[in-house]
Amino acid sequence: MRYRKGSQRPDVQKATRSVDMKYEELNNIVFDNIRDFNPVHTFECGQVFRWRPEEEKGEIYAGVAGCNAARIKFSDGKLTIEASGGDQEFWYDYFDLTTDYGAIKDELVRNEPKIEKACEYGYGIRILRQDLFETIISFIISQNNNIPRIRKNIESLCETYGEEIGDIEGKTVYAFPTPEALADADEEELSELKLGYRGPYIIETAKKYLEAGCPTCREELLSMHGVGPKVANCIMLFGLSDVAAFPIDTWVRQIMTDMYGFADKDVKGMQRFAEEKFGSYAGYAQQYLFYYYRDRSL
DNA sequence: CGGCAGGCGGTTA
DNA sequence: TAACCGCCTGCC
């Protein structure tokens, strides 16, 4: 794997270390003694679209986070990251390694015992702290869409408008496009990428992102074209790390009707239930429930 | 062929 | 403010 040096995300949060960390050489980062992490569960639980397994067992994944490409390996509590860019702070933050997921699962089960199976099933899910703009555009694309096509659409977007950041086994890797690049795109170009009616949403949203600055709350997100209640909750959860957000899509709606007897239309009731039962951990609950239920239904 | 996929915007009553 | 409807595209 060859990489060009990528730029780093500027605003990295400081975090308290609970795992061992070694900096072996440039762009080769190791975190040891990690609990509650599983690459398959984390990358396949529907929160992110740009990571692919390199082998059947799912120990190794390759993908891109914002403008940083990487191949990660995880076994026996040791996470090794071979990256084009992003320092140890960036990746520590990205994988949310400061958060104690064991304690979160205990708390969720204590308040709502019926969620235990879902927590056990998706035991290694971590909610990635993703780039805000990438999250906004990705989840605009996700509306009324299916996962294979979402992934495909996002990759074409990156190939067309993203900066080249390296190549992996002969295949070029592209960063997620900047707001500037997408604001400058035109509708015809986008329609060639088969984005459908979401194309204009993307251009308009990129322009607004540049003019009005980063959205910081639900209201600002909802003011963007193509962002409704469900997509806004996804952006809050995955892009703003607001782990109290509880996105209700068709799967979660199914869960709520099956598990808790809600009427199919009663999204408000479901939202209130999540708030009362799961509180500030509702986002984690949503991920466990969604992943468990979707895998059982496939 | 209609139905549907991790919804949304616009229009009605 | 709730209930409909149409929507790009691709796959069944």
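Reckoned from all heavy atoms, side chains included, excluding hydrogens, waters and symmetry mates. If you're wondering where the values come from, they're calculated on a predicted model, not measured in any experiment.
- Between A/Phe273 and A/Phe246, a ring centre-to-centre spacing not shorter than 6.0 Å is recorded.
- If you check C/dC8 for Watson-Crick or wobble pairing at under 3.5 angstrom, you find it has no partner at all.
- Contacts of A/Pro229 with the nucleic acid, taken as non-hydrogen atoms under 4.0 Å apart, involve only primed sugar atoms and P, OP1 or OP2.
- Atom C1' of nucleotide B/dG6 and atom CD1 of A/Ile141 are separated by 13 Å, given to the nearest angstrom.
- The separation between A/Lys265 atom NZ and C/dA2 atom C1' is 10 Å, rounded to whole Å.
- Residue-to-nucleotide contacts include a donor-acceptor pair under 3.5 Å from the side chain of A/Arg198 to the base of C/dC8.
- Side-chain proximity of A/Tyr201 to B/dG6, B/dG9, B/dG7: nearest is B/dG9.
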Before giving the answer on side-chain contact (heavy atoms from CB on, under 4.5 Å), spell out for A/Arg52 and A/Phe43 the whole-Å C-alpha distance, their side-chain angles and the decisive distance to 0.1 Å.
-> CA-CA 8 Å; A/Arg52 311 277 185 277; A/Phe43 291 129; over 6 Å; no

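- Residue-level contact check: A/Ile248 touches neither bases nor backbone, having no heavy atom under 4.0 Å from any strand.
- Using a 4.0 Å heavy-atom cutoff across all strands shown, A/Lys194 reaches sugar-phosphate atoms only and no base atom.
- Between the P atoms of C/dC4 and B/dG6, the separation comes to 23 Å (whole Å).
- Nucleotide B/dC4 holds its P atom 13 Å from the CH2 atom of A/Trp251, rounded to whole Å.
- In this entry the distance linking CG of A/Asn144 with P of C/dC5 reads 16 Å, nearest Å.
- Remark: A/Lys117 NZ is loosely packed, at most 12 non-hydrogen atoms of other residues, nucleotides or ligands lying under 6.0 Å away.
- Here B/dC8 presents its P atom at 12 Å from NE2 of A/His225, a figure rounded to the nearest Å.
- A/Gly196 comes within contact range of at least one nucleobase, with a heavy-atom separation under 4.0 Å.
- Under the 30°/60° scheme for interplanar angles, the aromatic rings of A/Tyr94 and A/Phe90 are found to lie parallel.
- Each of C/dG10, C/dA2, B/dG7 was ranked by its minimum atom distance to the side chain of A/Thr250; first place goes to B/dG7.
- Residue A/Gln254 contributes atom CD, which lies 13 Å from atom C1' of B/dC4 at whole-angstrom precision.
- For A/Arg198 (side chain) and A/Leu195 (main-chain N/O), a donor-acceptor pair under 3.5 Å exists by modelled atom type.
- Among the heavy atoms of the strands lying under 4.0 Å from A/Gly46 is at least one base atom, whether or not backbone atoms are also near.
- Nucleotides B/dT11 and C/dC8 place their P atoms 15 Å apart, quoted to the nearest Å.
- Using Watson-Crick or G-U wobble geometry with both donor-acceptor distances under 3.5 Å, B/dG6 finds no partner in any strand shown.
- The distance from atom CG of A/Asp264 to atom C1' of C/dA3 is 14 Å, rounded to the nearest whole Å.
- When rounded to the nearest whole Å, the span between CD1 of A/Ile235 and P of B/dC8 equals 9 Å.
- Under the side-chain contact (heavy atoms from CB on, under 4.5 Å) test applied with A/Ile255, the options A/Thr250, A/Ile248, A/Leu289 reduce to a single match, A/Leu289.
- Each of A/Glu44 and A/Val227 was assigned the nucleotide of DNA chain B with the nearest heavy atom; the assignment lying further toward the 5' end belongs to A/Glu44.
- Between C/dC8, B/dC8, B/dG6, one nucleotide has an atom nearer to the side chain of A/Arg149 than all others, and that is C/dC8.
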